[in-house]
Every structure is written in C-alpha cells, then in structure tokens.
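Naming: A, B, ... by sequence-line order, numbering from 1 per chain.
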Amino acid sequence: MEMTFDVKSMDFKRAGEAAGKIKKALQLVGMEIDTVRRAVIVAYEAEMNIVIHARQGTLTAKVHPDRLEIEANDEGPGIPDIDLAFQEGYSTAPEHVREMGFGAGMGLPNIKRFSDDLEIESKIDVGTQLKTIIYNQTSGE
Amino acid sequence: MSLWNKIMESLELKLLTSPETLKRQVRGAYCGDLLSDVLAHVAPGDLWVTIHRHRNVVAVSTLTNVSGVVITGDRYPDRETLEVAEREAIPLLVTKLNNFQASGKLYQIFSEYSQEM
C-alpha cells in the first residue's frame, strides 16, 4: 500500500491532515501500536517541515508487512548545513511560527530518534528529499 | 467522584466542547508548549496542559490520543478551533490557572489517585 499527500506551504489549517490519514491507514492494516506512534511522530514532523520551510511538497507512506517507509519531498530553499539542522534546538523557523509552539529545533532530531533508518538529500534553492524507514515492531526506540 | 469530576473541580475547568467529548479515560498528564516536545513525550490518555489555543493543538491531540487539553491562563480558543475539536472529539477545557499551577494540582490528584488504587 502506498499513499501520497500534497503539503502546502504555511497552510496551518490543514497541517497534520496527511499524518492523520497515514495514522488511520496504519491502524487499519493492523500495524503495532508502537510502530504507529513512531510513524505518526515522523510523519507529522516531516509534514510540518514542509509547511514551515518549503514552497510545496509531498508526504508519502509506503506500507510493507515488516516496515513502513515515510518520504518527504519538497521544493524549497534546501538545507545549507544538514548537521546543524539535526542539532537539537537549531531552527530557522520564523517568529510567528515559533509563537504557535513550532520551530523548537526538534523536528529533524525527532525524525531521527523515532525512525530506524534515515536518508536526507538537499540542494540549495531546489529542495529536500527525506527518506525514513520504521520497522514494524513493538519496541523499536 | 469520578477522576474527570475531581480534575474539573480542582482546576476550576470550564469545558468548551460538548460533554460527549469527555469519553476517554484520563491516565496522567503532560505539560508543554513546544509541539514537538509534546508529540514525542505525551502518552495516550494524558491530559495535555498548554498555553496554546490554536487549531494545531487539536491536530497534535488527535495524533497522540490525549484524553483532553487544558488551556491555561484564561485563554479561549477561537470558534474554528472549537469546531475542529468537536469534530475530532477532543475535549477543550480552560482554566484561569497558569501552567505551573494547573500541573501542580494535577500532580497532586494523580499522586492521591495512585495511592487509592
């Protein structure tokens, strides 16, 4: 099973919808509770990164019996220093977004922490591709 | 007295969504205003204590299966946020207490409650 959702820049009304749909689908196919929880965190953070930082993008979930792949592809400014972006507390989110409780510099660190495998590629002024794998198991953290 | 009633009384909570939204069992509480921190640490059934009152609070609540949201500091969500919360069956409650005071009262309730059990 594979599903892809369009994610729009600065659309805080629909933010979280894609992650919510992925959650429902994973529950329907009977993935482990812990797998669903980790997938929700990864999917929501990836979705919010597109909403906050990119011009537009997509969030994709590929469901296999033993694992789940969550991918986020965006057209946007790209990440100049990927190591820095993974540093907890580092954020380039604008002030009005931080006031809502986003942009704490925990998005990518959360994605790394709750996924089992992660690949990221980014080109300045082109966009960012993020691929994560989450294995379907009861305690994966 | 049910746990919900005890919490509502102690924190002087006002329920803004319909009573039907109070359907989940409260298992504990978590206080936080950074959405990523809450997403990573809140447990299903927790009551989430926060200063935020925008609709993304409902999105995070739905994703994490919290039992309800306590919005502190006498802040009221807008109509749109209430509508989303009603649709998603997430109870939104407001209190005049601040994060610290509300969390302290909840901590006390849960300490006593776990001793009773």
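In this structure, CE in A:M100 is found 9.5 Å from CZ in B:R55, a value given to the nearest 0.5 Å. One distance of note links CE of A:M48 with CG of B:L35; it measures 8.0 Å at 0.5 Å rounding. Taking OG of B:S36 as the start and OH of A:Y44 as the end, the distance is 8.0 Å to the nearest 0.5 Å. With rounding to the nearest 0.5 Å, the separation of CZ in A:F102 from NE2 in B:H52 is 8.5 Å.
Side-chain contact between B:N65 and A:K23 is present, with at least one heavy-atom pair separated by less than 4.5 Å.
Interface residue B:N56: backbone and side-chain heavy atoms are both found under 4.5 Å from chain A. Within the 4.5 angstrom heavy-atom criterion, no atom of A:E17 approaches chain B.
By the neighbour-count criterion of 12 heavy atoms within 6.0 Å, atom CZ of B:R27 is sparsely surrounded, having that number or fewer from other residues, nucleotides or ligands. The local environment of CZ in A:R14 is sparse, with at most 12 non-hydrogen atoms from other residues, nucleotides or ligands closer than 6.0 Å. Within a 6.0 Å radius of CD in B:E12, other residues, nucleotides and ligands contribute 12 heavy atoms or fewer.
Here the side chain of A:R37 pairs no donor or acceptor atom with the backbone of B:A43 at under 3.5 angstrom.
Note on A:M1: it does not cluster hydrophobically with A:I133, by side-chain heavy-atom contacts below 4.5 Å among ILVMFWY residues. Under the 4.5 Å side-chain heavy-atom criterion for Ile, Leu, Val, Met, Phe, Trp and Tyr, A:F12 and B:L63 are members of the same hydrophobic cluster. In terms of hydrophobic clustering, with Ile, Leu, Val, Met, Phe, Trp and Tyr side chains grouped at heavy-atom distances under 4.5 Å, A:V126 and A:I82 are assigned to different clusters. By the criterion of side-chain heavy atoms lying less than 4.5 angstrom apart, applied directly or through intervening Ile, Leu, Val, Met, Phe, Trp or Tyr residues, A:I33 is not grouped with A:I70; the two fall into different hydrophobic clusters. Linking ILVMFWY residues whenever their side-chain heavy atoms come closer than 4.5 Å, directly or via other members, places A:F86 and A:I50 in the same cluster.
When every heavy atom of B:E80 is checked against every heavy atom of A:K13, the shortest pair comes out as OE2-CE, 3.0 Å. Contact record, B:A40 with A:I41: CA-CD1, 4.2 Å, taken as the closest heavy-atom pair. Across all non-hydrogen atoms, the minimal contact from A:E45 to B:L39 is OE2-CD2, 3.8 Å.
Between chain B and the residues A:G105, A:A19, A:G101, A:G107, the most heavy-atom pairs under 4.5 angstrom are made by A:G101.
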